[in-house]
Structure formats: C-alpha cells, structure tokens
Amino acid sequence: MTRAVGILGLGHYVPEKIITNTDMEKIVETSDEWITERTGIKQRHIAAPEEATSDLAYNAAVEALKDAGVAPEELDLVIVGTASSDYIFPSTACLVQARLGAKNAAAFDLAAGCSGFVYSLAVASQMVKSGLYNKILIIGAETLSRIMNWTDRNTCVLFGDGAGAAVVGEVEEGYGVLGIDMGADGGKFLLQPAGGSRNPASEETVAAKGHTIHMNGQEVFKFAIQIMGKTAKRALAKANMKPEELDMLFPHQANYRIITSAAKRLKMPMDKVWVNVDKYANTSAASIPIALCEAQKAGALKKGDNIILDGFGAGLTWAAIVLKWSK
C-alpha cells in the first residue's frame with residue numbers, strides 16, 4: 001500500500017542586506033516607477049560577501065527541521081534545487097548534508113531553474129510514497145546576485161537571493177500531495193552561457209560576461225503566461241479537483257503580471273494568491289518555499305486547505321503540485 005506524502009515542516013532564510021528600487025537607480029539607468037509597473041518588485045535581498053548558496057540553504061534547513069520536529073540523523077536524502085550552486089561540484093546538497101550532520105542521508109542537486117523546488121517536491125514525494133525513503137529534506141536556494149550582470153538593466157533589477165526548505169514525509173491518509181504535473185521544452189531563452197563544457201571559462205567568456213544570466217525577457221514572459229495556467233490545470237485534473245476547490249495559489253514569484261495572469265486562468269481572486277515578489281524579487285527555486293513558509297507563519301494555511309504550487313523556469317521547465325495541507 002502506497003503512503004500519503006506531504007510537508008512536515010517549513011523554513012526560510014533571506015540575507016540581511018536589502019537593495020531597493022531607489023538603490024537600483026544609482027546602479028543602472030532605471031527607475032522605481034519603471035520596475036514597479038513592469039514587475040511589481042520594490043526591493044530584493046542580496047547575500048553578504050561571505051554568504052554562498054549553501055549558507056542560505058543551511059539556515060532555511062535548520063528552521064524546517066525544527067518546524068517538523070525532525071533530527072538531521074533521521075533524514076534519508078537532501079535535495080537542493082538551485083541554479084547558483086557553490087561549486088560546479090560537489091553538489092550544494094552534499095555541503096548542506098555535511099554541515100547539518102545528516103550522516104544517514106544521500107544528497108544531490110536538482111537543476112530545473114525556478115521550477116527547482118516543485119520538481120524536488122515531486123521527486124521526494126514519490127520516493128517516500130514508494131517506501132524507498134521516510135524523510136527527505138528539500139531546499140530551493142539561490143544567490144543569483146553572484147551571476148548577475150549588474151550593467152544589464154533588463155535582468156539585474158529582477159532577481160534576489162534567498163532559500164526555502166521543507167521536510168517531506170508520510171502524512172495522514174487523504175492529505176499531502178494529490179496531483180503532479182511536470183514538463184520541459186529545451187530552449188535558450190534563459191541561460192548562463194559560459195562556465196560549463198560548452199563554453200569553458202576563458203578571458204574571452206569573462207570579458208563577454210558569459211558567466212552571468214542572459215534572458216530573452218519577452219519570450220520568457222510569453223511562455224510563462226501560457227504555461228502557468230496549463231500546468232496548474234493538468235495537476236488539478238490528476239488530483240480530480242476543480243480550480244474553484246482551491247483555497248490558495250502559490251505561484252513562482254517572477255513578475256506580478258505573470259502571477260495575475262495565472263490567477264485569472266484559474267479564476268482565482270487575488271486574495272487567494274500569495275504574493276511577495278515586491279519584497280524579495282525573483283529568488284528562482286527559493287520563491288515558492290519562501291512564500292509557503294511566510295503563509296504558514298502568518299496563519300494563512302490551515303489543515304485541510306487545498307493549495308497549488310505553480311512554477312516555471314530555465315530549461316525551459318514547468319511544474320505544478322496540488323496538496324491538501326496536513327499541518
């Protein structure tokens with residue numbers, strides 16, 4: 001008999017330093033009005049010089065384990081969804097596993113861009129459901145500020161740093177993950193072109209800023225407003241649920257206009273949509289778990305609520321998961 005699987009605990013961490021839109025006006029040619037109107041972003045958190053992705057991930061993980069009442073030794077696996085790992089290898093998950101003292105856990109990173117946390121939850125839930133593992137720590141963590149082109153006003157205003165974590169395990173029958181949809185369409189609208197085996201680091205790649213985020217914003221926007229609604233509806237169908245049965249939507253926090261478009265396609269009023277893009281900007285794989293953690297701390301989530309996590313990202317990838325909240 002398969003097991004019901006859900007989230008046992010949540011945690012998040014954002015760096016102390018905040019850069020506002022007004023601060024951004026001193027860095028590139030832009031304005032608070034321009035950024036706000038097009039994205040809904042007002043500020044973003046930026047990692048300190050001594051902070052790397054694994055540090056943010058570790059802090060979020062400690063909080064999630066405490067919330068779940070789970071000791072590091074009880075973990076069977078650590079998954080980190082990230083596009084800004086500390087190193088190409090070893091994985092950030094291995095670094096977090098060692099620092100936590102999760103000596104019984106396997107560890108790996110998952111590269112699905114901003115969909116990383118939802119992908120990680122899909123993978124973890126199936127591993128627990130099958131009985132392979134009992135407790136899995138999943139983390140979405142990014143220090144995108146380290147791979148940002150701070151002279152490109154079209155991208156540097158969009159992103160921020162942060163981490164969100166969840167402990168995944170068995171929950172009461174009828175609760176937890178009810179429906180999953182995942183997909184990908186390989187394309188180069190959003191990528192870091194240099195640093196891998198295709199374009200290894202060289203003086204030329206550094207000079208060309210090839211190690212920073214490159215994005216065709218118009219194409220990503222068109223993709224996002226289409227796929228957010230489609231993947232959500234597919235996940236709902238797998239859960240035998242209709243959009244009107246949802247209590248809360250947790251979309252990837254990339255852009256306020258994309259979020260409102262997704263809500264419209266699901267016919268969900270905005271008071272049922274968790275939005276914090278104004279405070280954190282796009283934290284990629286960290287955005288959905290940070291939102292979930294905020295909602296839990298605010299008392300906005302109650303046991304039995306039907307919620308949906310809905311993301312898209314570099315790859316291009318997309319994923320949505322429907323859960324009946326079990327905490």
Side-chain angles (χ1 to χ4, degrees), residues 7-20 41-72 75 78-87 91-102 105 107 109-110 113-114 116-118 120-121 124 135-148 159-168 250 252-254 274-298 300-301 309 311 313 327:
I7 290 172
L8 307 179
L10 292 166
H12 83 290
Y13 173 80
V14 289
E16 192 177 321
K17 184 180 180 181
I18 292 172
I19 294 183
T20 65
I41 296 165
K42 298 297 289 183
Q43 63 177 43
R44 67 284 295 145
H45 289 252
I46 301 296
E50 68 277 7
E51 284 183 313
T53 299
S54 67
D55 299 312
L56 276 58
Y58 170 80
N59 289 326
V62 168
E63 189 175 275
L65 288 167
K66 184 179 178 182
D67 186 46
V70 170
L75 293 173
V78 178
I79 305 174
V80 175
T82 186
S84 51
S85 52
D86 288 29
Y87 310 105
S91 70
T92 299
C94 276
L95 302 177
V96 175
Q97 180 254 18
R99 190 169 169 188
L100 286 172
D109 285 356
L110 190 153
C114 306
F117 180 82
V118 190
S120 297
L121 178 55
K135 290 182 174 65
I136 299 175
L137 173 66
I138 61 171
I139 309 167
E142 305 284 8
T143 48
L144 295 173
S145 60
R146 299 288 161 75
I147 56 170
M148 203 92 73
F159 299 98
D161 301 335
V167 179
V168 179
F250 289 91
H252 168 46
Q253 308 287 318
W274 195 267
V275 180
N276 60 13
V277 67
D278 55 319
K279 293 192 290 183
Y280 304 114
N282 181 348
T283 56
S284 185
S287 82
I288 288 176
I290 288 174
L292 266 176
C293 192
E294 270 197 341
Q296 178 177 271
K297 288 180 177 178
L301 278 173
L309 317 182
K327 280 177 66 66

With a 4.5 Å cut-off on side-chain heavy atoms, are Leu292 and Leu309 touching? yes

Can a side-chain donor-acceptor contact be found between Asp161 and Ser145 if the only test is distance below 3.5 angstrom? yes

Donor-acceptor pair between Ser84 and Glu142 side chains, under 3.5 angstrom: yes

[atom1] of [X] to [atom2] of [Y]: how many Å apart, nearest 0.5 Å?
| X | Y | atom1 | atom2 | answer |
| --- | --- | --- | --- | --- |
| Leu8 | Lys135 | CG | NZ | 6.5 Å |
| Trp274 | Cys293 | CH2 | SG | 10.5 Å |
| Leu301 | Ile7 | CG | CD1 | 9.0 Å |
| Met148 | Arg146 | CE | CZ | 11.0 Å |
| Phe117 | Ile79 | CZ | CD1 | 10.0 Å |
| Leu110 | Thr92 | CG | OG1 | 12.0 Å |

Taking NZ, NE, NH1 and NH2 as the nitrogens, is one of them in Lys297 or Glu63 under 4.0 Å from a carboxylate oxygen of the other? yes

When [X] is tested against each of [options] for side chain to side chain contact (heavy atoms under 4.5 Å, CB included), which residue passes?
| X | options | value |
| --- | --- | --- |
| Asp86 | Cys94, Ser91, Ser54 | Ser54 |
| Pro15 | Leu56, Asp55, Asn59 | Leu56 |
| Val167 | Leu65, Ile136, Leu10 | Leu65 |
| Ile290 | Gln253, His12, Lys279 | His12 |

Looking only at atom types and distance, does a side-chain atom of [X] sit under 3.5 Å from a main-chain N or O of [Y], one as donor and one as acceptor?
| X | Y | result |
| --- | --- | --- |
| Thr82 | Ala141 | yes |
| Lys42 | Thr20 | no |
| Ser120 | Gly116 | yes |

Please step through side chain to side chain contact (heavy atoms under 4.5 Å, CB included) for the pair Leu100 and Val62, ending with a clear verdict. CA-CA 8 Å; Leu100 286 172; Val62 168; 4.0 Å; yes

Aromatic ring pairing His45/Tyr280, orientation class (parallel under 30°, perpendicular over 60°, tilted between): tilted

What heavy-atom pair brings Gly9 and Asp67 nearest, and what distance separates the two atoms? CA-OD2, 3.2 Å

The test is side-chain hydrogen bond (donor to acceptor under 3.5 Å, both in side chains); show your working for Ser85 and Thr53 and say whether it passes. CA-CA 6 Å; Ser85 52; Thr53 299; over 6 Å; no

